[in-house]
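Counting begins at 1 with the first residue of the sequence.
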Amino acid sequence: MAGKITSVELIRKKERGEKIVVVTCYDYPSAILMEEAGIDVIFVGDSVGSNVLGYESTLSVTLDDILHHCKAVRRGVKNAMFLADMPYMSYQVSIEEAVRNAGRLVKEAGVEAVKLEGGEEIAPTIKRIVQAGIPVMGHIGLMPQHLLAHGGFKMTGKTDADRLRLIAAAEAIQDAGAFSITLELVDHDTAEAVSRSIHIPTIGIGSGPRCDGQVQVYHDLVGYYGGDPFRHASQYTKLADSVSVALKRYA
């Protein structure tokens with residue numbers, strides 16, 4: 001990776017047909033390693049709740065939780081774009097509160113972009129945050145913050161109606177000024193159709209290889225926990241095994 005990655009550069013990468021690499025990060029030493037690896041976007045996700053804080057879901061994650069981890073990660077980020085999730089109930093109450101909380105992430109933790117879940121209904125909020133000078137990534141498909149309403153982790157976009165709904169949502173998010181959209185657990189053909197319908201990059205997770213980039217959870221990627229990873233997670237090593245052996249030898 002050469003030079004600082006910005007929202008404009010990510011759009012140019014899509015235009016050039018270059019894939020975008022996104023990884024979640026929750027601490028300073030991991031950020032250093034990701035910088036050395038040339039990751040495009042280093043992302044403090046609300047997945048910090050289940051991967052680091054021991055919460056049962058992302059719904060328990062607070063803005064203060066995100067701020068705390070963003071401050072640590074910020075110290076290790078240099079060239080990558082630094083993105084953060086806006087956690088549950090930090091942007092749903094009102095547009096004014098959403099702008100204020102997005103501003104806190106920028107001012108207090110040095111975040112360079114924020115991510116919000118939702119389709120057409122969230123477009124006015126995205127527009128106001130962008131007008132405040134903060135780049136926004138959208139998020140459609142499976143939305144973990146809507147888990148209670150959706151009744152679990154389910155693939156979306158399997159029907160023609162769902163495909164049209166997701167394309168309309170992506171276009172509304174783009175028109176609101178977002179620079180990119182995450183597609184989570186979207187049918188692969190639908191994810192490709194969405195990617196072709198908009199000029200901003202799509203970042204897939206469990207949505208097939210035809211998105212403009214991919215995001216993975218760091219702890220899944222390096223196998224930090226024992227057991228089998230999620231079906232859509234990519235695991236490149238089993239760090240948990242090595243750490244367990246080292247701890248037992250020390251003990």
Colleague: Drop me the distance from Gln174's CD to Ser180's OG, to the nearest 0.5 angstrom.
Modeller: 10.5 Å
Colleague: Which pair of non-hydrogen atoms, one from Ala176 and one from Ile126, has the smallest distance, and what is that distance?
Modeller: CB-CG2, 3.9 Å
Colleague: To check you understand the geometry: which heavy-atom pair defines the closest contact between Ile173 and Gly118, and what is its length?
Modeller: CD1-O, 3.3 Å
Colleague: Without swapping roles, check the side chain of Thr125 against the backbone of Ile95 for a donor-acceptor pair under 3.5 Å.
Modeller: no
Colleague: For Ser50 and Glu56, run side chain to side chain contact (heavy atoms under 4.5 Å, CB included): C-alpha distance rounded to whole Å, both residues' side-chain angles, the deciding distance at 0.1 Å, then the answer.
Modeller: CA-CA 6 Å; Ser50 53; Glu56 291 187 2; over 6 Å; no
Colleague: Verify, without hydrogens or angle tests, whether Glu35 (side chain) and Val77 (backbone) share a donor-acceptor contact under 3.5 angstrom.
Modeller: no
Colleague: For the hydrophobic clusters of this structure (ILVMFWY residues joined by side-chain heavy atoms under 4.5 Å, transitively), does one cluster hold both Ile134 and Phe82?
Modeller: yes
Colleague: Any pair with a residue in residues 190-204 that passes salt bridge (charged side-chain N to carboxylate O under 4.0 Å, His left out), sequence neighbours left out, goes on the list, sorted by first then second residue, please.
Modeller: Glu192-Arg196, Glu192-Arg210
Colleague: With sequence neighbours left out, write down each residue that passes side chain to side chain contact (heavy atoms under 4.5 Å, CB included) with Asp64, or none if nothing qualifies.
Modeller: Thr62, Leu67, Arg104
Colleague: Heavy-atom distance under 4.5 Å between the side chains of Ser207 and Gln214, does that happen here?
Modeller: no
Colleague: Minimum heavy-atom separation for Ile42 to Ala31, with atom names?
Modeller: CD1-O, 4.0 Å
Colleague: Any Lys/Arg nitrogen of Arg165 or Asp162 sitting under 4.0 Å from an Asp/Glu carboxylate oxygen of the other?
Modeller: yes
Colleague: Output yes when a side-chain donor or acceptor of Lys4 lies under 3.5 Å from a complementary backbone atom of Ala80, and no otherwise.
Modeller: yes
Colleague: Is there a side-chain contact between Val44 and Leu83, using heavy atoms and a 4.5 Å cut-off?
Modeller: no
Colleague: With the side chain counted from C-beta on, respond yes when Leu116 and Met137 share a heavy-atom pair under 4.5 Å apart, and no when they do not.
Modeller: no
Colleague: Would you give the length of the straight line joining atom CG of Leu221 to atom OG of Ser30, rounded to the nearest 0.5 angstrom?
Modeller: 11.0 Å
Colleague: Flag the pair Tyr225 / Leu239 as yes when at least one side-chain heavy-atom distance between them is below 4.5 Å, and no otherwise.
Modeller: no
Colleague: So with a 6.0 Å cut-off around NZ of Lys158, is the heavy-atom count from everything else above 12?
Modeller: no
Colleague: Taking all heavy atoms of Cys70 and all of Val111, pick out the closest pair and write down the distance.
Modeller: SG-CG2, 3.7 Å
Colleague: The test is side chain to side chain contact (heavy atoms under 4.5 Å, CB included); show your working for Leu183 and Ile205 and say whether it passes.
Modeller: CA-CA 6 Å; Leu183 305 181; Ile205 179 166; over 6 Å; no
Colleague: Please list, chain by chain and in numerical order, all residues satisfying side-chain hydrogen bond (donor to acceptor under 3.5 Å, both in side chains) with Gln92, sequence neighbours excluded.
Modeller: Gln145
Colleague: Would you indicate whether the side-chain heavy atoms of Leu105 and Met86 approach each other to under 4.5 Å?
Modeller: yes
Colleague: Quick one: does any side-chain atom of Ser90 pair with a main-chain N or O of Pro87 as donor and acceptor, under 3.5 Å?
Modeller: yes
Colleague: Could you list the residues that satisfy side-chain hydrogen bond (donor to acceptor under 3.5 Å, both in side chains) with Arg128, not counting sequence neighbours?
Modeller: none
Colleague: Could you tell me if the side chain of Asp187 sits less than 4.5 Å from the side chain of Thr156, heavy atoms only?
Modeller: no
Colleague: Between Asp65 (side chain) and Val61 (backbone), is there a donor-acceptor pair under 3.5 Å?
Modeller: no
Colleague: So, using side chain to side chain contact (heavy atoms under 4.5 Å, CB included) as the criterion, who are the partners of Val8 when residues are at least two apart?
Modeller: Thr6, Arg12
Colleague: Can you pull the ring pair (Phe, Tyr, Trp, His ring centres under 6.0 Å) pairs that have at least one residue in residues 88-128, sequence neighbours excluded?
Modeller: none
Colleague: Would Thr24 and Met34 count as a side chain to side chain contact (heavy atoms under 4.5 Å, CB included) if you check the C-alpha gap in whole Å, the side-chain angles of each, and the deciding distance to 0.1 Å?
Modeller: CA-CA 10 Å; Thr24 67; Met34 291 179 197; 5.9 Å; no
Colleague: Identify the two heavy atoms, one from Ala170 and one from Val194, that lie closest to each other, and give their separation to 0.1 Å.
Modeller: CB-CG1, 3.6 Å
Colleague: Identify the heavy atoms of Gly45 and Ile66 that sit nearest to each other, and give their distance.
Modeller: O-CD1, 3.9 Å
Colleague: Can you tell me which residue pairs pass the ring pair (Phe, Tyr, Trp, His ring centres under 6.0 Å) test with a partner in residues 6-59, sequence neighbours excluded?
Modeller: Tyr26-His219
Colleague: Under the side-chain hydrogen bond (donor to acceptor under 3.5 Å, both in side chains) test, which residues partner Ser195, sequence neighbours left out?
Modeller: Thr202
Colleague: Would a single hydrophobic cluster contain both Val73 and Val21, if residues Ile, Leu, Val, Met, Phe, Trp and Tyr are joined by side-chain heavy-atom contacts under 4.5 Å?
Modeller: yes
Colleague: May I have all residue pairs that pass salt bridge (charged side-chain N to carboxylate O under 4.0 Å, His left out) and include part of residues 130-139, sequence neighbours excluded?
Modeller: none
Colleague: How many angstroms lie between atom CG of Leu166 and atom OG1 of Thr190, to the nearest 0.5 angstrom?
Modeller: 6.5 Å
Colleague: Roughly how far apart are Met81 CE and Ile5 CD1, rounded to 0.5 Å?
Modeller: 8.5 Å
Colleague: Following the transitive rule for hydrophobic clusters with a side-chain heavy-atom cut-off under 4.5 Å over Ile, Leu, Val, Met, Phe, Trp and Tyr, establish whether Ile140 and Leu164 coincide in one cluster.
Modeller: no
Colleague: Please tell me if the side chains of His69 and Asp27 come closer than 4.5 Å, counting only heavy atoms from C-beta onward.
Modeller: no
Colleague: What residue pairs, at least two apart or across chains, pass ring pair (Phe, Tyr, Trp, His ring centres under 6.0 Å) with a residue in residues 171-211?
Modeller: none
Colleague: State yes or no: do Tyr236 and Leu33 share one hydrophobic cluster built from I, L, V, M, F, W and Y residues joined by side-chain heavy-atom distances below 4.5 Å, directly or via other members?
Modeller: yes
Colleague: Give a yes or no on whether Lys13 atom NZ has more than 12 heavy-atom contacts from other residues, nucleotides or ligands under 6.0 Å away.
Modeller: yes
Colleague: For side chain to side chain contact (heavy atoms under 4.5 Å, CB included), just list the numbers for Asp189 and Arg163, CA-CA rounded to whole Å, side-chain angles, deciding distance to a tenth of an Å, and then say yes or no.
Modeller: CA-CA 9 Å; Asp189 290 337; Arg163 180 174 300 182; 3.5 Å; yes
Colleague: For the side chain to side chain contact (heavy atoms under 4.5 Å, CB included) test, which of Ile198, Asp212, Ile203 pairs with Ile181?
Modeller: Ile198
Colleague: Can you name the residues that form a side-chain hydrogen bond (donor to acceptor under 3.5 Å, both in side chains) with Arg16, not counting sequence neighbours?
Modeller: Glu9, Glu18
Colleague: Sequence neighbours left out, what pairs pass side chain to side chain donor-acceptor pair (under 3.5 Å) with at least one residue falling in residues 113-124?
Modeller: Asp85-Lys115, Lys115-His139, Glu117-His146
Colleague: Any chain of hydrophobic side-chain contacts (each under 4.5 Å) joining Leu59 to Met143?
Modeller: no
Colleague: Less than 4.0 angstrom from a charged side-chain N to a carboxylate O is my criterion; do Glu112 and Arg74 meet it?
Modeller: yes
Colleague: Are the side chains of Leu53 and His68 in contact, using a 4.5 Å heavy-atom criterion?
Modeller: no
